[in-house]
Amino acid sequence: MKKLILLLLITNTSFAFDFKSEGKEFSQKFIFQESESPIWGFDFLDNQNIIFTEKDGKLKLINLTTKKISTLKDDFSRIDTGGQGGLLDILIHKSSDETHLFITYSYRDKSKKTTALFHAILKENKLTEEKIIYKANAYELTSHHYGSRLVIQKDYLFMTV
């Protein structure tokens, strides 16, 4: 029997409910409610740890057993946190000997903004070999509709912008 686990990384919300959909029952479990900034994306590092992005530019790790939260990075180059900006999606990709993090965020160049793709290798909960690997060539003056999702299929990294 497959189980759907609904993990809620909530900020400033106090609702709770269980629900039923298409004959399946779902319940929620709050695992983190202490952020002052919205959580824009998350991915599982392993069965016990989730890495998540916050709008204000912080990249954090939460251990699901201990509930301990660590900040992995909080100084992304030229991040724009205005409007709908901030750190956006995150994708964790494990190769045979390395853990790669791909993160999208809203990038600011003077008054213009766009979406950037950042890559790093995670070693002992520290980011190494940090690098912006792509910036969309669609700069705007506004601070909304950056949007992005990341997925790897076969040997290709896909990013929506």
### Task
With side-chain contact (heavy atoms from CB on, under 4.5 Å) as the test, would you mind laying out the steps for Ile51 and Leu72 before giving the verdict?
CA-CA 9 Å; Ile51 298 179; Leu72 300 178; 3.9 Å; yes

### Minimum side-chain heavy-atom gap Ile62-Phe52 below 4.5 Å
yes

### Other residues, nucleotides, ligands: >12 heavy atoms within 6.0 Å of Lys67 NZ
yes

### Query
Side-chain heavy atoms under 4.5 angstrom apart, residues restricted to Ile, Leu, Val, Met, Phe, Trp, Tyr: same cluster for Ile69 and Phe42?
yes

### Query
Does CG belonging to Asp75 count more than 12 external heavy atoms closer than 6.0 Å?
yes

### Task
Please list, chain by chain and in numerical order, all residues satisfying ring-ring contact (aromatic ring centres under 6.0 Å, His included) with Phe102, sequence neighbours excluded.
His119

### Message
Looking at Lys113, is its backbone amide N or carbonyl O close enough to the side chain of Asp80 to form a donor-acceptor pair, meaning the two atoms are under 3.5 Å apart?
### Response
no

### Query
Is there side-chain contact between Leu101 and Leu59, with at least one heavy-atom pair below 4.5 Å?
yes

## Note on the structure
Residues passing the salt bridge (charged side-chain N to carboxylate O under 4.0 Å, His left out) test with Asp109, sequence neighbours excluded, are Arg78

### Query
How long is the span from the CD1 atom in Ile92 to the OG1 atom in Thr99, to the nearest 0.5 Å?
8.0 Å

Acceptor/donor pairs from residues 121-136 side chains to any protein atom, 3.5 angstrom cut, sequence neighbours excluded:
| unit_1 | atom_1 | unit_2 | atom_2 | d |
| --- | --- | --- | --- | --- |
| Thr128 | OG1 | Ile121 | O | 3.0 |
| Glu130 | OE1 | Lys73 | NZ | 2.6 |
| Lys135 | NZ | Tyr107 | OH | 3.4 |

### Query
Any donor-acceptor pair under 3.5 Å linking the side chain of Ser37 with the backbone of Asp56?
yes

### Message
Could you work out, with side-chain contact (heavy atoms from CB on, under 4.5 Å) as the rule, every residue matching Lys68, not counting sequence neighbours?
### Response
Thr66, Ser70

### Message
Which heavy atom of Ser95 sits nearest to which heavy atom of His100, and what is that distance?
### Response
OG-NE2, 3.7 Å

### Any residue meeting side-chain contact (heavy atoms from CB on, under 4.5 Å) with Asn49, in chain and number order, not counting sequence neighbours
Leu45, Asp46, Leu61, Asn63

### Query
When you measure from the side chain of Lys58 to the backbone N and O of Leu87, does any donor-acceptor pair fall under 3.5 Å?
no

### Task
Just jot down the salt bridge (charged side-chain N to carboxylate O under 4.0 Å, His left out) partners of Asp89, sequence neighbours excluded, or say none.
Arg149

### Query
Does a side-chain heavy-atom distance below 4.5 Å link Ile103 with Leu150?
no

### Message
Could you work out, with side-chain contact (heavy atoms from CB on, under 4.5 Å) as the rule, every residue matching Tyr156, not counting sequence neighbours?
### Response
Phe158

#### Entry: Thr104: side chain to side chain donor-acceptor pair (under 3.5 Å) partners, not counting sequence neighbours
Ser148

### Message
Under 4.0 Å between a side-chain nitrogen and a carboxylate oxygen: does that hold for Glu54 and Lys60?
### Response
yes

### Summary
The complete set of ring pair (Phe, Tyr, Trp, His ring centres under 6.0 Å) pairs with one or both residues in residues 66-92, sequence neighbours excluded, reads Phe76-Tyr105, Phe76-Phe118

### With Ser111 via side chain to side chain donor-acceptor pair (under 3.5 Å) - residues at least two apart
none

### Query
Which atoms form the tightest heavy-atom contact between Leu88 and Thr53, and what is the distance?
O-OG1, 2.6 Å

### Summary
Residues pairing under salt bridge (Lys or Arg N to Asp or Glu O under 4.0 Å) where one sits in residues 93-105, two or more places apart or in two chains, turn out to be none

### Query
Of the non-hydrogen atoms in Gly86 and Ser106, which two are nearest, and what is the gap between them?
N-OG, 2.6 Å

